[in-house]
Amino acid sequence: MDFSFDFQPVYPHHDLLIELGRVEMAMEHLDARSEDERQVLRPRLMSRISRLRDELQSLEV
């Protein structure tokens, strides 16, 4: 019986999900930052979330 399983296709999806979670957590903690920091960080984080979601969607196709 062959129990080998190729986990390689799973890694990118898993890594993207972890990174997406990290960025979403950073978004949740923006309130603890100064207004100047929020104005700089929010667009960067939103852009990163968008790119990560696009990458995840491309893997699912």
**Report entry** Set of salt bridge (charged side-chain N to carboxylate O under 4.0 Å, His left out) partners for R44, sequence neighbours left out
**Finding:** none
Compile the donor-acceptor pairs under 3.5 Å between side chains in residues 20-37 and protein atoms, sequence neighbours left out, one pair per line.
{"unit_1": "E24", "atom_1": "OE2", "unit_2": "R53", "atom_2": "NH2", "d": "3.3"}
{"unit_1": "H29", "atom_1": "ND1", "unit_2": "M25", "atom_2": "O", "d": "2.7"}
{"unit_1": "R33", "atom_1": "NH1", "unit_2": "E37", "atom_2": "OE2", "d": "3.3"}
{"unit_1": "S34", "atom_1": "OG", "unit_2": "E37", "atom_2": "N", "d": "3.3"}
{"unit_1": "S34", "atom_1": "OG", "unit_2": "E37", "atom_2": "OE1", "d": "3.4"}
{"unit_1": "E35", "atom_1": "OE1", "unit_2": "R38", "atom_2": "NE", "d": "3.3"}
{"unit_1": "E35", "atom_1": "OE1", "unit_2": "R38", "atom_2": "NH2", "d": "2.5"}
{"unit_1": "E35", "atom_1": "OE2", "unit_2": "Q39", "atom_2": "NE2", "d": "3.3"}
{"unit_1": "E37", "atom_1": "OE1", "unit_2": "S34", "atom_2": "N", "d": "3.1"}

Query - Sequence-distant partners of L17, side-chain contact (heavy atoms from CB on, under 4.5 Å), two or more places apart - result: H13, L56
Report summary line: One should read off an interatomic distance between L59 CG and D54 CG, to the nearest 0.5 angstrom, of 11.0 Å
Report summary line: The salt bridge (charged side-chain N to carboxylate O under 4.0 Å, His left out) partners of R42 (sequence neighbours excluded) come to none
Query - Check: H14 and I18 side chains under 4.5 Å, non-hydrogen atoms - result: yes
**Report entry** CD-CG distance between Q57 and L52, expressed to the nearest 0.5 angstrom
**Finding:** 13.0 Å
